[in-house]
Amino acid sequence: MSRDDAATAALARRLIDWQRQHGRHTLPWQQTRDPYRVWLSEIMLQQTQVSTVLGYYDRFLTRFPDVQALAAAPLDEVLALWAGLGYYSRARNLHRCAQAVVQDWGGAFPSTAAQLATLPGIGRSTSAAVAAFCFGERVAILDGNVKRVLSRVLGFGEDLAQTAAERRLWDIAEAQLPPAGEGVEAYTQGLMDLGATVCTPRQPSCLLCPWQDLCVARREGRPEAYPVKTRKLKRGRRSHALLWLTQGDAVFLVQKPATGVWAGLWTLPEFDDVDSLQAWLAEGPGPGEVGATFTHVLTHLDLALTPVRRALPVDSPLAQGPLLRWPTGRWVPRAALAEHGLPAPVRKLLDAGPT
DNA sequence: TTCCCGGACA
DNA sequence: TGTCCGGGAA
C-alpha cells in the first residue's frame, strides 16, 4: 500500500468512526436495508431537505407499503401524495420505476448500482446510494453535499459548471472510497451527514469536523469558497391571472398537462392577464374580486400570479356550460381537496381564503 | 423581501 | 444545456 493509499484509507476510516459516533442514525429510512424504502427516501431527498421529506415519507409508505402497491396505484394518487414536494417529474418517474421493478425484475429491485441506474428517475448518484446502503456495494455517490465536502477537504477549485471538472470530481470520489469490506455504508452516510450538519454551505462548523486538521479549504481560511460553480441564470418573468371560482363549498380546478410546470397537478384556471380574465367573467357571472399579486419562483422563471375571486350562486347554470372551455376542469368540494395534488402556492392560496 | 440551495432527463 | 419547485437563511 502506497503512502497515498494509506492516507486515503485513514481519511475514510476517520469519517466512518465519526459517522458511528456523531452521525445521524434515527432517520425513518435508516433502520432498514429494504431497497424500496431506501430508494423512496433517496428520490424524495433529491433537491429536497430532510426536514421537508420527513413530512411526506411515512405518509407515503403507509399508503404504498411496498413496490407492488405503488406500481398498482393510479398516477393521480401518487401525485396527490407528492403534492408540495416539488419537482413532480420525480413522482412520475417513481411510479414508472415501481412498474418497471414489478414487470422487469419480478418485484425485487436489482442489486447493483449499474442495474439500478437503468431504472427511471435513478441516476448515477441515487443508484450508488441505494447500492451502498442496501447491498454494501463499494461505489461512490456525488450529490450536492458530497461535492461541497470533497471539494473543501481536498481544495478542489475547478469550476463544477464544467463537465470535465465534474467528471474529475467523480473520479476523486471513487478514489476516496474506503477499502473493500470496510464500511462503505457508514462512509456514504458519513459524507451525507457531514455535508448536512457540519460542512454546511454557509458558516460551516469546522471545529466539529473529523477532517479539520487536514482540510485544505479550512487551512486557506475560506471554506465557503468551495465548491466553485459559475452560474449565470437569468430568470425570465411571466405573469398569469388565476380564476378562483367558487360555488358553495367547492372550487373549480383544472389539471395541468403532463409536461411543463406543475405537470399533472391541479390548479386554478389560468389567463394571460387580469383584463382577459375579467372579460371572460363579464360575459357570465360579472366581475371578480382582484387579489394581491404574489410571485412564485422557479429555477428559470419568476411567476407573478394574481388571483381573481368570484363566487357563483349555488344553482347557477354558469357552473356548467361555460366551463367546458376547460376540458379537464371539475368542481372540487373542500373535503376532496386532499385527493388532488395542488402546487404549494395554490394550496396556500386556497387555505388562506374563504371556501 | 431577496438569495441560495439542490439530480435527472430531454 | 435548459427545465423542473419549495423551503430556509440572510
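In what follows, chains are A, B, ... by sequence order, proteins preceding strands, each numbered from 1.
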S.K.: Rounding to an integer number of Å, can you tell me how far A/F294 CZ sits from B/dT1 P?
M.R.: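 Taking atom P of B/dT1 as the reference, CZ of A/F294 is at 12 Å.
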S.K.: Within the structure, does a side-chain N or O atom of A/K348 lie under 4.0 Å from either OP1 or OP2 of C/dG7?
M.R.: yes
S.K.: So which one's nearest nucleotide on DNA chain C is more toward 5', A/Y87 or A/R202?
M.R.: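 It is A/Y87 whose nearest nucleotide is closer to the 5' end.
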S.K.: Under a 3.5 Å threshold, yes or no: a donor from one side chain and an acceptor from the other, between A/R90 and A/N93?
M.R.: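 No, no side-chain donor-acceptor pair sits under 3.5 Å.
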S.K.: Are side-chain N/O atoms of A/S276 and A/D273 paired as donor and acceptor at under 3.5 Å?
M.R.: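 Distance-only check passes for A/S276 and A/D273.
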S.K.: Whole angstrom is fine here: how far is it from CE in A/M192 over to C1' in B/dG7?
M.R.: 12 Å
S.K.: Applying a 4.0 Å non-hydrogen cut-off, can you work out what A/I43 is touching in the nucleic acid: base, sugar-phosphate, or nothing?
M.R.: nothing
S.K.: What is the distance, rounded to the nearest whole Å, between atom CG of A/L265 and atom C1' of C/dG6?
M.R.: 13 Å
S.K.: Would you indicate what A/V297 reaches in the nucleic acid, counting non-hydrogen atoms under 4.0 angstrom: base, sugar-phosphate, or nothing?
M.R.: base
S.K.: Minimum heavy-atom separation for A/R138 to A/P179, with atom names?
M.R.: NE-C, 3.8 Å
S.K.: Using the closest heavy atom to pick a nucleotide of DNA chain B for each, name whichever of A/P201 or A/T126 lands nearer the 5' end.
M.R.: A/P201
S.K.: For C/dG6, does either OP1 or OP2 sit under 4.0 Å from a side-chain N or O belonging to A/W262?
M.R.: yes
S.K.: Does the side chain of A/H296 get closer than 4.0 angstrom to OP1 or OP2 of C/dC5 through an N or O atom?
M.R.: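 No, A/H296 has no side-chain N/O under 4.0 Å of OP1/OP2 on C/dC5.
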S.K.: Give a yes or no on whether the ring-centroid distance for A/H95 and A/W82 is below 6.0 angstrom.
M.R.: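 No.
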S.K.: Rounded to whole angstrom units, what separation is found between the CG atom of A/D159 and the P atom of C/dT1?
M.R.: 11 Å
S.K.: Measure CG/A/L298 against P/C/dG2 and give the value in whole Å, please.
M.R.: 16 Å
S.K.: How long is the straight-line distance from OG1 of A/T188 back to CG of A/L15, given to the nearest 0.5 Å?
M.R.: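 With rounding to 0.5 Å, CG (A/L15) is 9.0 Å from OG1 (A/T188).
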S.K.: In whole Å, I'd like the distance from the CD atom of A/Q46 to the C1' atom of C/dC5.
M.R.: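 About 13 Å, once rounded to whole Å.
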S.K.: Nearest whole angstrom, please: distance from the P of C/dG7 to the CD of A/Q47.
M.R.: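 Rounded to the whole Å, the gap is 15 Å.
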S.K.: So, is A/R148 close to the B/dC5 phosphate, meaning a side-chain N or O under 4.0 Å from OP1 or OP2?
M.R.: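 A/R148 to B/dC5 OP1/OP2: no side-chain N or O under 4.0 Å.
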S.K.: How close or far is atom C1' of B/dC4 from atom CD of A/Q49, stated in whole angstroms?
M.R.: 11 Å
S.K.: Starting the side chain at C-beta, find the nucleotide from C/dG6, B/dG6, B/dA8 nearest to A/K229.
M.R.: B/dG6
S.K.: For A/Q203 and for A/T259, find the nucleotide of DNA chain C with the closest heavy atom, then tell me which residue's nucleotide is more 5'.
M.R.: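 Going by which nucleotide is closer to the 5' end, it is A/T259.
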S.K.: Hey, does the side chain of A/K147 come within less than 4.0 Å of B/dC5's phosphate (OP1/OP2), counting only N and O?
M.R.: no
